[in-house]
Amino acid sequence: MKKLKSISVLLVMLLATLPLLVSCQDKPGTADQALDRTVPAQVEESEVPGVTNFSRIGNTAGFGGATQPTAMAGLKDEGFASVINVRLATEPDVDVEASAAAAETAGLKYIHLPFDAADPDPQLVDDFLAAVGDEANQPVYIHCNSATRVAALWMIKRVIVDGWEFEEARGEAEVIAEKPADALAFVSAYLASDGK
């Protein structure tokens, strides 16, 4: 039954990406812009030691890929109150316990919400929205391996919670994600399924 559900989710994701591919073909330069990662004014990319693909939106949120436990003190210095890790504990080079301990030592709240892109837990998005919506967690730093899953979750938040149009949220996600097409495919499938 679980395999059937996974196949259904993948099929919905593939079907959901078709309009995106067609719209990119209709707009000259769209694919090139995604590869150039043209930065909208509000998203700032910078370097934080121990963090891959770091970006932030003012004092609201930060995003990144692989984040080492040694980066926690630097993230606290950057002004973050919490860290949300959406990587699976079984991914290579992931040490959830060491990261949680380093976050606690640095004075950061640490939240682990494992996001398996191949078999996503339907409750994950609700848990993520609750965590980023909690004022006690603000500002929040969110990471996975490449910031792709992070961008997908943040894009869902922008559309569902903040009321952004899909294309507006897409522009922001394309800056955050290392692989924006993967993030967009997940979000399209999620929104097409009414969040189920």
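A quick note: this is a predicted structure, and the numbers were derived from the prediction, not measured. Hydrogens, waters and symmetry mates play no part in the numbers below; they use all other heavy atoms, side chains included.
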For the atom pair CG (Leu113) and SG (Cys144), what is the distance rounded to the nearest 0.5 Å? 12.0 Å
When rounded to the nearest 0.5 angstrom, what distance separates CZ in Arg149 from NE2 in His143?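 Atom-to-atom, Arg149:CZ and His143:NE2 are 10.0 Å apart.
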Under 4.5 Å between side-chain heavy atoms, counting indirect links through other Ile/Leu/Val/Met/Phe/Trp/Tyr residues: same cluster for [X] and [Y] or not?
X: Val159; Y: Leu129; answer: yes
X: Val150; Y: Leu184; answer: yes
X: Val48; Y: Phe63; answer: no
X: Phe128; Y: Val94; answer: no
X: Ile111; Y: Leu88; answer: no

How about Asn59: does its CG atom have over 12 heavy atoms from other parts shown lying under 6.0 Å from it?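 Not buried by this count: 12 neighbours or fewer within 6.0 Å.
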For atom CD of Gln123, decide whether the heavy atoms of other residues, nucleotides or ligands shown that lie under 6.0 angstrom number more than 12.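 Check passes, neighbour count above 12.
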Evaluate the side-chain proximity of [Y] to [X]: yes if any heavy-atom separation is below 4.5 Å, no if none is.
X: Leu108; Y: Leu75; value: yes
X: Tyr141; Y: Phe54; value: yes
X: Ile160; Y: Leu191; value: yes
X: Ile57; Y: Trp154; value: yes

Which atom of Ala118 lies closest to which atom of Pro120, heavy atoms considered: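 Nearest pair, atom of Ala118 first, then Pro120: C-CD, 3.7 Å.
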Contact summary for Val51 and Ala71, nearest pair of heavy atoms: CG2-CB, 3.8 Å
Please walk me through it: do Glu172 and Trp164 pass side-chain contact (heavy atoms from CB on, under 4.5 Å)? CA-CA 11 Å; Glu172 188 176 70; Trp164 284 26; 3.5 Å; yes
Start with the C-alpha gap between Asp93 and Gln68, add the side-chain angles, then the distance that decides, and say whether side-chain contact (heavy atoms from CB on, under 4.5 Å) holds. CA-CA 9 Å; Asp93 301 320; Gln68 302 303 316; 5.6 Å; no
Using the side-chain hydrogen bond (donor to acceptor under 3.5 Å, both in side chains) rule, pick out the option among Gln42, Glu45, Glu78 that qualifies with Arg56.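 Only match with Arg56 under side-chain hydrogen bond (donor to acceptor under 3.5 Å, both in side chains): Glu78.
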What side chain to side chain donor-acceptor pair (under 3.5 Å) pairs are there with at least one residue in residues 98-108, not counting sequence neighbours? none
Decide yes or no on side-chain contact (heavy atoms from CB on, under 4.5 Å) for Asp127 and Val125, but give the supporting numbers first. CA-CA 5 Å; Asp127 292 343; Val125 173; over 6 Å; no
Sequence neighbours excluded and cut-off under 3.5 Å, please list the side-chain donor-acceptor pairs for residues 80-87, or say none.
{"residue": "Ser82", "atom": "OG", "partner": "Asn137", "partner atom": "O", "Å": "2.7"}
{"residue": "Asn85", "atom": "OD1", "partner": "Arg87", "partner atom": "N", "Å": "2.7"}
{"residue": "Asn85", "atom": "ND2", "partner": "Tyr110", "partner atom": "OH", "Å": "2.8"}
{"residue": "Arg87", "atom": "NE", "partner": "Glu91", "partner atom": "OE1", "Å": "3.0"}
{"residue": "Arg87", "atom": "NH2", "partner": "Glu91", "partner atom": "OE1", "Å": "3.3"}
{"residue": "Arg87", "atom": "NH2", "partner": "Pro92", "partner atom": "O", "Å": "3.2"}
{"residue": "Arg87", "atom": "NH2", "partner": "Asn145", "partner atom": "OD1", "Å": "3.1"}

For a salt bridge (charged side-chain N to carboxylate O under 4.0 Å, His left out) check, start with the C-alpha distance between Glu168 and Arg158, then their side-chain angles and the critical distance, and finish with the verdict. CA-CA 9 Å; Glu168 185 181 13; Arg158 287 301 203 190; over 6 Å; no
Partner set under side chain to side chain contact (heavy atoms under 4.5 Å, CB included) for Ala151, not counting sequence neighbours: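 Side chain to side chain contact (heavy atoms under 4.5 Å, CB included) check on Ala151 returns Ala173, Ile176, Ala177, Ala183.
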Run the numbers on Met155 and Phe186 for side-chain contact (heavy atoms from CB on, under 4.5 Å), then give the verdict. CA-CA 10 Å; Met155 188 175 172; Phe186 178 80; over 6 Å; no
Just by distance, do the side chain of [X] and the backbone of [Y] share a donor-acceptor pair under 3.5 Å?
X: Thr148; Y: Lys179; answer: yes
X: Thr67; Y: Gly65; answer: yes
X: Ser188; Y: Ala185; answer: no
X: Gln138; Y: Ala61; answer: no

